[in-house]
2 protein chains.
Amino acid sequence: MTKTRVTVIDIAKAAGVSKSTVSLVLQGSSLVNEGTRSKVNAVMRELGYVYNRGAANLRQAGAKSRIIGVVVNDLTNSFFAELAVGVDMVVQSAGFVQFLSNTGESIDRQREVVASMREHGISGLIVSPARATDAADFKPLVAAGIPVVVVVRNLPGAKVSSIVSDNQAGMMSAVQHLAGLGHRRIAFLGGFPDTAVFDDRLAGYRSGIEAAGLGYRGELVVSSAPSRAGGVEAIAKAIALADRPTAAVCFNDAVAFGVCDGLRARRLEPGADFAVVGFDDVIEAQAAVPALTTVSVDPQGIGRRGAQMLLKQINAGKAEAETVTTAVRLVVRESCGAARA
Amino acid sequence: MTKTRVTVIDIAKAAGVSKSTVSLVLQGSSLVNEGTRSKVNAVMRELGYVYNRGAANLRQAGAKSRIIGVVVNDLTNSFFAELAVGVDMVVQSAGFVQFLSNTGESIDRQREVVASMREHGISGLIVSPARATDAADFKPLVAAGIPVVVVVRNLPGAKVSSIVSDNQAGMMSAVQHLAGLGHRRIAFLGGFPDTAVFDDRLAGYRSGIEAAGLGYRGELVVSSAPSRAGGVEAIAKAIALADRPTAAVCFNDAVAFGVCDGLRARRLEPGADFAVVGFDDVIEAQAAVPALTTVSVDPQGIGRRGAQMLLKQINAGKAEAETVTTAVRLVVRESCGAARA
DNA sequence: TGACATAATTGGAACGTTCCAAATATTAGG
DNA sequence: CCTAATATTTGGAACGTTCCAATTATGTCA
């Protein structure tokens, strides 16, 4: 209806004060008289005033936009959705708003999205980088004084803060648990070898194998897409091996679910005929049949923690890169066959 | 490093042209000479120029912010995550960015979030409203010329566009399918009666019952929380009826899973001893045991469609409220017992 | 070459806010 | 009633962009 928006000047005129006073009220300054304040507030309500943050942080000439950018590589994976929710919690209670985008593992998209966020003047960025992201990609951001926190996947070589779960310890405990149940041939299924997370988890697998006194054998490591479909594929290859494994640790829960599908297609019951352990503890893990034994990483916690770290850096005005690995724990349910034993 | 950011004026100076020319280049105007353009572009790259969208749309005095707000009521539910991904797809390829927030069904949070988005000058809003959202809540937005599209849950009485799935037809076909399998006593389980979606689905149930020549009987309708736990509760009540049902359509898939749990707890096998049909076709539906027969609604499609509708309204500059119901289809799997027959 | 069209460029003046220094009101102390 | 202190208010001048009207360069035609 009204073509022209209501500005501080309109408020000022209507309330019989100056625009500066209105601005003071907006900022909750203690300089302004109580009576004036309430009158101004009343007028604002009456005229339906909407604060123009764009204009404000144009003047404020700084990174005071109160926008936090969040970039995840796969929002359809509930792990990352949970992560985003965790970030949102602390970001919102700190009076910031979240700018969330999904890259779907596309590195071009990621670049676009980050550029766009920068144009909008985000005051910080939390990112779970797409595969094969170049460590130098976030250089310009930090050079411009915009704090960046990398979560879930770390970016070796990049001078940014990061929070990753303890992939190595988690995978190691999974392997040792299976070994403790008597399995001697334990496969490692799924995941793309060109990621740091894969390397970490594989290293944990290897340590677990060796700690259990089993020999590490390369043919038991079958990589694939880190998805349900990838899991189906991986288990097919593993089952075809001459020296067939009796158990598997999977790159993540999605792969584990795929492995279960693949087992059933071969009339093998996960848990009973073949032990399966996942990684992540996504929300579906406990409701699945059989309930998935998996390494729990609390994505929401990582999100919250990452957001706290970021806010700290924003407030400090200084980006001291720090790296945190969060503890994980094995959650034993049914798919490993422990219930039977 | 550099305390002061690079502006068009810096570029202008370095390139030996005026700021107006630089602005023209930024907008891709055809007025500017090819040579000048490339020189300006080169300088921009060299100095690491970052466009300041805030300043731009301050001047442009309009809703040209290229930000789309997306508000969902539960991001941890993969249904809504998928929806957001669908929105993001079309929004991004149209050169907009997405501002996503999660309300977690809190109506206060929803208000905050929407207010904040407005301050940031969103040019449109897509919202899956929290429960019990007041139809008048989005009035100020549309009054200010900001298009709003409501998805998934409709807001009767609000003059905004909306996209909802065809709840009525979906539920009706589910009932008819069960009737076709020979069931005469079909229950409707789960959901809160104070929502428009519930009313629609219940109406569909009723039509289905009547179309099949079965009498509608109120005691077969058992409401509960639309969750897994609610499903357990609802089936307990239904089983206790004197004239016990032999099949049930459920408010959504979560309820349906709970119903399966509840049946098993009574040594009844879903699919074989009691037919269960869900609604939504969440990602877990096909992997569950037994695979869930359900009404598929394609959240990503709704997201895409909603975004297209919104963009259309933004471009038209005029919000012609339209309501679309998207088709749904029954996906027959195992939990209805059809495989047996 | 002059006249005129066309192509390319350019200085302000906005946009809605915050900041600053300065002005004005109010109060207290003598 | 004057002075000094304190409490409140206030006009500009920014911020980085786009728009407009006006200017200057480049061609074209007779």
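Reminder, nothing fancy here: chain letters follow the sequence lines and each chain counts from 1.
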Distance below 4.0 Å between A:Gln27 side-chain N/O and C:dT17 OP1 or OP2: no
Take the angle between the ring planes of B:Phe99 and A:Phe99 and call it parallel below 30°, perpendicular above 60°, tilted in between. parallel
If you compare every side-chain N and O of A:Thr21 against the phosphate oxygens of D:dT9 (OP1, OP2), does one of them come in below 4.0 Å? no
Counting side-chain heavy atoms from C-beta on, which of D:dT17, C:dG16, C:dT9 comes nearest to B:Tyr51? D:dT17
Could you work out which one of C:dT18, C:dC15, C:dT17 sits closest to the side chain of A:Ser23? C:dT18
Got a list of protein N/O to nucleotides 11-13 of chain C N/O distances below 3.5 Å?
from	atom 1	to	atom 2	distance (Å)
C:dG11	N7	B:Ser20	OG	2.8
C:dG11	O6	B:Ser20	OG	2.8
C:dG12	N7	B:Lys19	NZ	2.9
C:dG12	O6	B:Lys19	NZ	3.0

DNA chain C: A:Gly54 or B:Ser30, which has the more 5' nearest nucleotide? B:Ser30
Which of D:dT10, C:dC19, C:dA8 is nearest the side chain of B:Thr36? It is C:dA8
CZ/A:Arg109: more than 12 non-hydrogen atoms of other groups inside 6.0 Å: yes
In whole angstroms, how far is the C1' atom of C:dT26 from the CD atom of A:Glu34? 17 Å
From the list B:Thr133, B:Thr103, B:Asn102, side chain to side chain donor-acceptor pair (under 3.5 Å) with B:Gln110 holds only for B:Thr133
Which atoms of nucleotides 24-27 of chain D (N or O only) lie under 3.5 Å from a protein N or O atom, and what are those distances?
none

